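Structure first, then comments.
What you are looking at is a predicted structure, and each value in this text was computed from that prediction instead of being measured.
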Amino acid sequence: MDEETEAQLHEVLHTPGFELPRAAVLRGDVIALRQLPALPGVLAFLEDALERSFDGVNLEQIHAHFDFDEMKIRAERACDRLVDDLRVPAAMQAVIGDLGLDPRKVLWEWPGMCLLYPVEQVGAVSIARQIRARSPPTGAPGMAHPSIN
């Protein structure tokens, strides 16, 4: 998959009787699970939060419409909306169920958001994970607190 790692890419179709290559997961390989029924619901939440935070601007064109400071403010707003959205836990539990796992026995982590640093701060564009130290809404089962990576 990559010259710098021995990790392999495994593409798995979500079809009746599919199996995750668990040994590959434990080795650190990348699993691309295709056609997972619940995933479009999760992606819809992400897209909705971003589009509302960026006033409906095409998500592939955000960089052309906002300067870095405004992009950062709006991305943080989108992240806050997702953390507060009580529909997300049910959507994530559906994804976990589609994987053949018992959602009551799986602790999942909030997705992280990535931001671009302005070129003038680091000399080149680089990507960093945004650190969120905020807890998800209370009363939503099966959620983990956001981690700081």
In terms of hydrophobic clusters joined by side-chain contacts under 4.5 Å, are I73 and I62 together? no
Taken to the nearest 0.5 Å, the spacing of Q93 CD from D102 CG works out to 9.5 Å
Residue pair A38 / V95: nearest heavy atoms and the distance that separates them: CB-N, 3.6 Å
As an exercise, state the distance from CZ of F54 to CZ of R77, rounded to the nearest 0.5 Å. 8.5 Å
Any salt bridge (Lys or Arg N to Asp or Glu O under 4.0 Å) involving residues 32-47? Give me the pairs, sequence neighbours left out, ordered by first then second residue. E11-R34
What pair of heavy atoms forms the shortest contact from A78 to A49, and how long is it? CB-O, 3.7 Å
Closest non-hydrogen atom pair, G28 against A7: O-CB, 3.8 Å
Spacing of CG belonging to L20 relative to CG belonging to L33, to within rounding of 0.5 Å: 6.0 Å
Of all heavy-atom pairs linking F18 and L13, the shortest is CB-O, 3.5 Å
Are there over 12 heavy-atom neighbours, none belonging to E19, within less than 6.0 Å of that residue's CD? no
Answer yes when D55 and R74 have at least one side-chain N-carboxylate O distance shorter than 4.0 Å, and no when they do not. yes
What heavy-atom pair brings I96 and P103 nearest, and what distance separates the two atoms? CG2-CA, 3.8 Å
Are R81 and D85 close enough for a salt bridge, meaning some N to O gap below 4.0 Å? no
Could you tell me if the side chain of L36 sits less than 4.5 Å from the side chain of L99, heavy atoms only? yes
For the side chain of H65 and the backbone of V57, is there at least one donor-acceptor N/O pair under 3.5 Å apart? no
Donor-acceptor under 3.5 Å (E70 side chain, F68 main chain): no
The reported gap from CD in E51 to CG in L46 (rounded to nearest 0.5 angstrom) is 11.0 Å
Test of understanding: with side chain to side chain contact (heavy atoms under 4.5 Å, CB included), list the residues that count as partners of A24, not counting sequence neighbours. H10, P21, R27, D29, I31
